[in-house]
K.L.:
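This structure is in structure tokens; I'll ask about it shortly.
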Amino acid sequence: MASRARPLRPGVWGVGGGWVAAAALLLLTLGTTAAVLWRAGAAPLPGAADWVAVRFTVMQAAASAAISAALAIPVARALARRSFPGRGLLISLMGAPFLLPGIVAVIGILHVFGRSGWISQLLGRFGLPPLEIYGPVGVVLAHVFFNLPLAVRLILQGWRDIPAERFRLAASLGFRSRDINRLLEWPMLRAILPGVVLAIFLICLTSFVVALTLGGGPRATTVELAIYQAFRFDFDPGHAAMLGVVQFALCLGATLVALWVTAPTGFGAGLDRPLRVWAASGPLARLVDAAILAAAAAFLLAPLLAVLLAGLPALTRIPASLGQAALRSVVMAGLSASMTLGLTLALAHAALSRGLAGRLAEAAGMLTLAASPLVMGTGLFLLLYPIMDPTSAALPVTVVVNAAMAVPFSLRVLLPSLREVDADYGRLSESLGIRGWTRLRLVTLPRLRRPIGFAAGLAAALAMGDLGVIALFGNPDQPTLPLEVFRLMGAYRTEAAAAGAVLLLALSFGLFWICDTWGRNADA
Amino acid sequence: MLTLDHLSLTLGAFRLEADLTVPGPGVTAIIGASGSGKSTLLAAIAGFLAPVSGRILWNGQDMATLAPGDRPLTMLFQDQNLFPHLSARKNVALGLSPALRLTAAEWARVDEAMARIGLGGLENRLPAQLSGGQQARVALARVLLRARPLLLLDETFGGLGPALKEEMLDLVARLSAETAATVLLVSHDPDDARRIAPQTILVADGQAQPPVATADLLANPPPGLRRYLGT
């Protein structure tokens with residue numbers, strides 16, 4: 001019989017907290033957008049250059065998302081079914097470029113793929129011309145570098161959510177690789193891929209640092225970059241506001257599609273045994289997986305290595321300003337990540353309700369994707385301007401915006417797992433009278449430890465490396481670490497910038513590593 | 001005494017009616033074909049499914065306003081009766097305190113119940129480190145501590161071998177006798193009913209029949225049951 005009928009009453013937790021969280025996010029996104037709209041009412045309509053920016057924004061995001069997701073499937077699969085020394089390290093590495101502060105990653109990519117980078121030098125030995133990565137190719141390359149690993153980790157989570165028991169059953173039924181594909185892996189991918197592609201598409205729509213450093217000019221200006229330029233260089237808030245509306249419409253459209261296509265999985269619970277895929281234990285399958293993993297590791301490691309080689313020697317001569325900026329950034333990242341987790345858990349619980357209420361809660365979590373940080377920044381600037389000097393509120397505003405910006409990723413990671421915990425242990429908990437905070441403490445948090453660790457790590461590292469809102473508000477006396485690195489770069493203090501990049505790298509990774517390791521220890 | 005008063009349940013297009021009384025204590029079996037609505041009936045009694053109409057009464061008290069955990073009953077599901085991240089001991093202790101805040105005396109009762117039910121020495125194992133029979137015992141030890149007057153078993157021992165299943169059924173019968181509990185045992189196997197349930201409720205054709213003596217029912221099965229038994 002259909003024994004999945006719902007309890008008579010919804011969980012008490014989440015209903016209240018979820019709506020508070022949703023309201024806060026609505027205020028941040030729609031509220032700031034309304035401020036932008038109100039201002040843009042007096043602004044000129046988009047001109048030809050603006051439409052070129054829109055087209056480029058969409059094309060590069062689509063290309064980046066498709067390439068990242070397609071390349072991620074074989075890598076995630078190889079990681080899911082192989083166990084080898086260094087596997088844990090490689091999985092951590094898969095988190096790396098996404099966590100890599102944009103400014104650091106760009107320095108690394110230029111060292112490898114740039115005009116005078118490693119590959120160009122190699123080409124030069126054979127008399128070939130150097131690579132030219134400024135422009136559309138560079139933007140897409142950098143976006144794939146950033147997002148391929150995110151796709152791998154999200155898809156890997158999908159593989160993990162297929163209970164090992166199913167693979168054991170498949171082995172006992174004599175499934176070939178092809179059958180496992182069709183009956184176990186493809187349904188999981190079909191459920192998870194649309195969300196992955198759209199998440200990356202949205203990240204690339206609003207990506208700022210990459211366009212700022214590798215794009216620019218008529219061929220490769222994104223809307224986000226155009227907002228920044230209108231604000232900082234042209235001092236034209238009206239134009240910036242109009243572009244903010246365009247950006248919001250773009251993101252909203254993509255977000256609605258994302259909500260429409262995602263479907264829940266229904267694999268049920270297993271008993272926490274390690275994953276083994278019997279059908280894929282042949283020597284050829286092993287060799288192919290090894291080659292895939294090696295290629296992925298090389299692509300992701302090279303830019304990191306380049307940054308370290310350039311920055312480590314300069315670390316001993318680090319300016320004092322960098323140390324202060326670093327301390328400031330760490331505190332802000334911790335605050336941001338805590339806010340993100342609180343918001344996400346509240347929203348995820350509210351999203352469990354059936355029907356419209358649940359969908360609305362989920363939509364509220366995705367809303368921060370639809371409002372880019374620069375749109376939020378522009379809106380907050382316009383809102384704060386009449387009351388106070390916006391630059392004096394730059395740090396708290398950055399903390400809040402960064403917390404909100406990490407919610408969609410964190411929700412994507414947590415919500416499917418929470419749904420499964422609810423499906424598997426909701427009735428048992430209800431029947432034993434385990435409710436409210438007790439349920440959160442005894443059942444939900446322990447079962448969600450792995451995704452919570454991952455989500456917290458993401459949120460902290462993203463906040464640590466953010467260079468968006470802070471660039472817009474920019475208070476020169478209280479810079480964050482990424483802003484200080486960017487400033488050193490702009491001042492051609494290359495050596496100090498490289499040292500700052502290494503420091504930023506270490507701190508971002510350190511924060512992520514602490515959180516993610518805590519989560520993955522759930523397997524121990 | 002459990003009374004289903006003109007109870008009507010729907011789940012999608014499926015509809016089930018019940019108007020009957022289960023006198024307690026003792027074991028009453030609920031048998032019927034797969035999909036006949038046995039589990040739906042149990043879900044409604046446990047509070048997971050709101051009736052369309054009618055009432056569910058325990059000793060004359062309507063249970064409609066009670067949340068599942070507050071009803072005078074314990075339910076064991078087909079599977080997922082244990083939390084995989086909690087030790088056997090903690091899984092049992094949830095029967096005394098859903099918040100896992102137990103006094104030393106209560107922890108002693110947990111250990112005592114586990115020892116009594118044959119789980120001595122396995123207290124700190126995780127469910128995945130226990131056999132199917134041991135997992136069932138952990139769930140039963142918790143039933144013992146919850147000490148609710150009504151116990152609902154939804155094909156709970158379906159995954160166990162015949163000998164082990166019989167052992168568990170006998171254990172249930174013994175616990176029921178010792179604690180004067182009323183047990184509703186959903187099963188698709190008439191032998192389960194024959195073994196420990198003096199009375200049986202037959203669920204067929206969208207109706208849950210009032211309980212009758214198991215021996216009579218199985219000796220002279222009505223057409224609906226005969227079809228299912230294949231006799």
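Atom set for the values below is all heavy atoms of this structure, side chains included, hydrogens, waters and symmetry mates excluded. Just so it is clear: chains get the letters A, B, ... in the order the sequence lines come, proteins before strands, and each one is counted from 1.
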K.L.:
Are the side chains of A/Leu428 and B/Gln80 in touch, meaning some heavy atoms are under 4.5 Å apart?
P.N.:
no

K.L.:
Is it true that the NZ or CZ of A/Arg427 lies under 6.0 Å from the centre of B/Phe48's six-membered ring and within 45 degrees of the ring axis?
P.N.:
yes

K.L.:
So do B/Phe83 and A/Leu432 actually touch side chain to side chain, heavy atoms under 4.5 Å?
P.N.:
yes

K.L.:
Any chance CD of B/Gln61 has more than 12 other-residue heavy atoms, nucleotides or ligands included, within less than 6.0 Å?
P.N.:
no

K.L.:
Measure B/Arg101 against the heavy atoms of chain A and call it side chain, backbone, both or neither at under 4.5 Å.
P.N.:
side chain

K.L.:
Relative to chain A, which segment of B/Leu126 carries a heavy atom at a distance below 4.5 Å: side chain, backbone, both, or neither?
P.N.:
neither

K.L.:
Hey, could you give me the CZ/CD distance between B/Arg71 and A/Glu430, rounded to the nearest 0.5 Å?
P.N.:
10.5 Å

K.L.:
Quick one: what part of B/Ala46 sits under 4.5 Å from any heavy atom of chain A, side chain, backbone, both or neither?
P.N.:
neither

K.L.:
Give the member of B/Thr74, B/Asn81, B/Leu76 that has the highest number of heavy-atom pairs under 4.5 Å with chain A.
P.N.:
B/Asn81

K.L.:
Heavy-atom distance under 4.5 Å between the side chains of B/Leu100 and A/Thr438, does that happen here?
P.N.:
no

K.L.:
So, do A/Arg447 and B/Pro84 sit near enough that their side-chain heavy atoms are less than 4.5 Å apart?
P.N.:
yes

K.L.:
Going through the distances and angles, do A/Leu442 and B/Leu94 end up as a side-chain contact (heavy atoms from CB on, under 4.5 Å)?
P.N.:
CA-CA 10 Å; A/Leu442 282 184; B/Leu94 286 171; 3.9 Å; yes

K.L.:
With a 4.5 Å cut-off on side-chain heavy atoms, are B/Asp70 and A/Arg435 touching?
P.N.:
yes

K.L.:
Do you know the tightest heavy-atom contact between A/Gly433 and B/Pro98?
P.N.:
O-CB, 3.5 Å

K.L.:
Under a 4.5 Å cutoff for heavy-atom pairs, which residue among B/Arg146, B/Lys90, B/Met75 has the most contacts with chain A?
P.N.:
B/Arg146

K.L.:
Under a 4.5 Å cut-off applied to non-hydrogen side-chain atoms, are B/Phe77 and A/Ser431 in contact?
P.N.:
yes

